[in-house]
Each structure stands twice: as structure tokens, then as C-alpha cells.
Number of protein chains: 2
Amino acid sequence: MIGKADILRQLRNEIVTLELKPGSILSETALSERFRISRTPLRDVLKQLANENYIDVYPKKGNLVSYIDLESVEQIIYLRSTLEKDIVKTLASQAAPLPLKGVLELKEILGRQEEAIGQDRAHEAFLHWDDAFHKSLFALAGRVFLWDLIQQSNVHYARYRRLHLLKKEKLEALLGEHRLILDSITNRDIGPIDEIVQHHLHEDINAAYLRENFADYLNLPRLDSL
Amino acid sequence: MIGKADILRQLRNEIVTLELKPGSILSETALSERFRISRTPLRDVLKQLANENYIDVYPKKGNLVSYIDLESVEQIIYLRSTLEKDIVKTLASQAAPLPLKGVLELKEILGRQEEAIGQDRAHEAFLHWDDAFHKSLFALAGRVFLWDLIQQSNVHYARYRRLHLLKKEKLEALLGEHRLILDSITNRDIGPIDEIVQHHLHEDINAAYLRENFADYLNLPRLDSL
DNA sequence: ATACCTGTTCTTGTATACAAGATTTCCGTC
DNA sequence: GACGGAAATCTTGTATACAAGAACAGGTAT
């Protein structure tokens, strides 16, 4: 038996992987037939999706998968950048010895990420372990609470990253920066952290590339009269 | 005609001002009678309240106003502290001249806050303009998005502050720190910002005081067997 | 051809009846 | 009196019928 939580997870996944494209219509009756459930619990799911900006609700008209909002992307990048600089510096400079278990976990994750690069679904696997790495940093600093908080507003950023990684193979570069971050923690070298984290999270915020190639995924002033 | 948005605002306000105490029961039928509305739209409101941690839903049992979670309070303080240090430093050191309008707005707010100290409902009025001051800082740095994001997870912190301000009159002290922050911006003096903001937001996180005087408002391991 | 009005058919929003689980009450038994 | 169990009565969860608004198609008048 599938429940509301499963439906929520599945729709979230389809939207975040762009399987459901921005602008797609999510009608209540269609979904209630697809998942063999009545409209009432399904509306709960849709309300949750709206809350996390996965969809936009137009009353009495319909529910659309939201367009990627670059403003939201920039704000989240700034938020994460500011937080993670502080978190990594804290980990690198704390008096207590680093928990061995934590460092091993980080190395393990980087190993998985390296494996992922060659595989079929390289991007999805890579992104999964990329999230795992950053979440692990938050966890070591006792800040999973904030990681989870950010995840609740992460749709636009998550989709942005997927489109961005299509441009060219930057996977190795990103992995290399992860290694630099881990090194500065284990070596307790605070110096370069700000710069590394800043560059790592900002990648190149290349709005122009997205505007050219994925204009119909973006939340832009729409010229309906064409 | 009152709508869902009004009901949501009202309940949020009653909870955050502790008019509705932690542990209070919010039954769907009771609320639907109070607001003369059917259970369906009312459940939407309750779901939203649950989402923002105003209430805890125990399936088939009931909805309770959430107990204040000190862990959440500490995490939000760290988040705001880290962000606002960066924001204030940015404002104080940006190349462009400070927008006159912004500085005037901040001074205006501090004036209102000073007025509030003497009044009847001093604490509520003070807190209102306190929020206005900090939000204004976010706004000047182009980060209202993040202010709003934080507000969505702000119940525990907001209630914590209200209880904390009851301890003694710290209103003048807080106002003074606001003046210091504004001064360091206008004087472009980055030096003391980290320390001021850190102290300002952490006040004294005096968990002991709350545990002694408001234990029944807190989310503690409950010893039901007494 | 075009503008406009109207009815049909979509959409989501609301009310309500019923289902399912948890708690409490109360009566019978020991 | 104390304990146990069944039934009544709470609670929220689900399904469904209906209401209300928006979009669209079709026909008509200009």
C-alpha cells in the first residue's frame, strides 16, 4: 500500500530530476486516478509541494510545475556559501580532535563519488553523493537541522544544478574541490577555506547559458504575445 | 468574510504570543465552529501550522500546540548570527554609497523602538520593531528572501524571545546594540561587527532560567510516570 | 471576417457523510 | 473496593457530492 509520503517523494523526485518539466500541469483528478487515491489526501500532497515551491497553484485554474527561479538559486547559494564557510572553518579549527568516524565517512563518500563519474547515470549518482558530502559536513558541525531547513527550499537550486552539469564535464573539478575541503579540515589549514567554498558553490553562475538553452524552463518575464 | 489566510494569521499570532499555551489542544471541530467554516479548509490551515512547527499532529488523537524546542532555538540563532555578521559587514564595506533612504528607515525604526519602551504593551511593540530593524538590514543587503525563509521556521525562537524578555528589562540594552550596529554601518567600521552581532543575537541563551520558570512550555523529556 | 454573447466543460474549493483508530466511561465480576 | 473488558464517544483520515470560478467552443449578429 502506498501512502501520501510515497506519493510526495515520487512527485518531488520527478520534478527535481526534470522528468516533469516546468510548466507541466498536475491536475488533481489525473493524479488521483494515477495513484488510485481520492482527491482529499492528494490535495494534501499538492499543498505540501506548493509549500516547497515545487508547484504553483492558480486557484480554480490549475497546478503547474514551477519554473526555475534564478533569484531563488542565487539566494540559496549565498546562504549555503556563508554557512559552509563558517562550518568548514569550525571543523578545521576546533580544539577537540576530529572524530575519526567522521573523516572516514567523508573519504568513503568521495570514493563513491569517484566511482560514480564513470557510470551510466553519472550525473544523478554524482549529485547524490555530492549532497551526501555536504550534508556530512553539516552533520559533523552539529548543523543537520540547518541542512534540512535548506533542503525544504531547494527545488530551484537542485534543478539549476542538474541543468548546469549538462554543460560540460565538471564532475572531476567538483570532486577535486571536495578533496581540497577535506584536506584543509584534516590539515587544520583555515587559510584557503573561504576561497575554496566560495568558488565551489558558485561554480559559474552562468545564467546566460541557461537562458540560451533552457529558456522555457526558467521563470522569466514571459512574452505571451508572440 | 474571513478567509483561510486570516484564520492562519490569527492562530499563528495566538500561538507565538503564548496566548495559546504549548500543549493546548486545537481540535478541528472546535475550530471549525469557532470560525464558522467547514473542516476541509480548516485542515488546510492546520496542515500549514504543522508545517511551520506551530503544532504537532498526532494522527487520530489530536493537534497540540508545540512545546518550545531549545535545540531549534539554538540552531536559528546560529543561522541568523552567521548571516547577519556577513550582511552587516557587507553593508558597512560596500563601495557604493549607502542608500540614504535605507539609513533613514533604520533610524526611524530605532525611534519607534525607543517610544515603545515606555508604553503599555512594551514587549510586543518592542519586538515588532526589533523584527523590523533586522528585516531592514536583510532588505538593504538584498536578502529579504532569506529573512522570509527564516521566518518560516521561527516559532520556537519567537516564543523563546518573549519568555526571555520577561526576565528583566533588557530592552534598553538591545536598543543600544541596534544603535551600535547602525553606527558601525554608517561609520564603515567593520572591526567590532562580529562581536556586536554575536552578543546581540545570543543575548544570554539562558536555558536554565527557562527550565526553572517555564518548564511546562518546553520540549523536554517528559516523565509521564509521576 | 470579426466581435460578442452564451452555454458547456474544464479546473480547484468547500461541505459533509462515513471510516478507522484511540481514549474514556461504565458496568460487571472478582 | 479494584480490576477487566466492552461499548460509547472522542479524535483525525478519506471519499464523494456539490459549488464556484475560469477557459473554451460555437453560434449569431454586425
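- If you take OH of B:Tyr58 and C1' of D:dT11, they are 14 Å apart, rounded to a whole angstrom.
- When distances are taken from the side chain of A:Pro41 to each of C:dA15, C:dA20, D:dA15, the shortest belongs to D:dA15.
- For A:Lys61 and D:dG21, the shortest distance from a side-chain N or O to OP1 or OP2 is not below 4.0 Å.
- Of the two residues near DNA chain D, A:Thr40 and B:Pro59, the one whose nearest nucleotide lies more 5' is B:Pro59.
- Look at CG on B:Asp56: it is 15 Å from C1' on D:dT12, rounded to the nearest Å.
- The distance from atom CD of A:Glu28 to atom P of C:dC10 is 16 Å, rounded to the nearest whole Å.
- Looking at B:Arg9 and B:Asp6, a side-chain N of the basic residue comes within less than 4.0 Å of a carboxylate O on the acidic one, giving a salt bridge.
- Nearest to the side-chain atoms of B:Arg39 among the listed nucleotides D:dA15, D:dC18, C:dA17 stands C:dA17.
- Remark: A:Ser38 is in phosphate contact with D:dA15, judged by side-chain N or O atoms under 4.0 Å from OP1 or OP2.
- Counting atom types as modelled, B:Thr29 pairs no side-chain N or O with a base atom of D:dT11 as donor and acceptor under 3.5 Å.
- When rounded to the nearest whole Å, the span between CG of A:Leu31 and C1' of C:dT12 equals 13 Å.
- Side chain of B:Ser27, nearest nucleotide from C:dT12, D:dT12, D:dA15: D:dT12.
- Relative to the ring axis of A:Tyr217, A:Arg159 does not place its NZ or CZ within 45° and under 6.0 Å from the centre.
- Between B:Asp130 and B:Arg161, at least one side-chain N (NZ, or NE/NH1/NH2) sits under 4.0 Å from a carboxylate O, which counts as a salt bridge.
- Put simply, CD on B:Glu33 is 9 Å from P on D:dT11, counting in whole angstrom units.
- Put simply, A:Lys4 has a side-chain N or O that comes within less than 4.0 Å of OP1 or OP2 on D:dT14.
- Rounded to whole Å, atom C1' of C:dA19 lies 14 Å from atom CD1 of A:Ile37.
- Protein atom CG of A:Asn63 is 17 Å distant from nucleotide atom P of C:dC10, rounded to whole Å.
- B:Ile2 CD1: more than 12 foreign heavy atoms inside a 6.0 Å radius.
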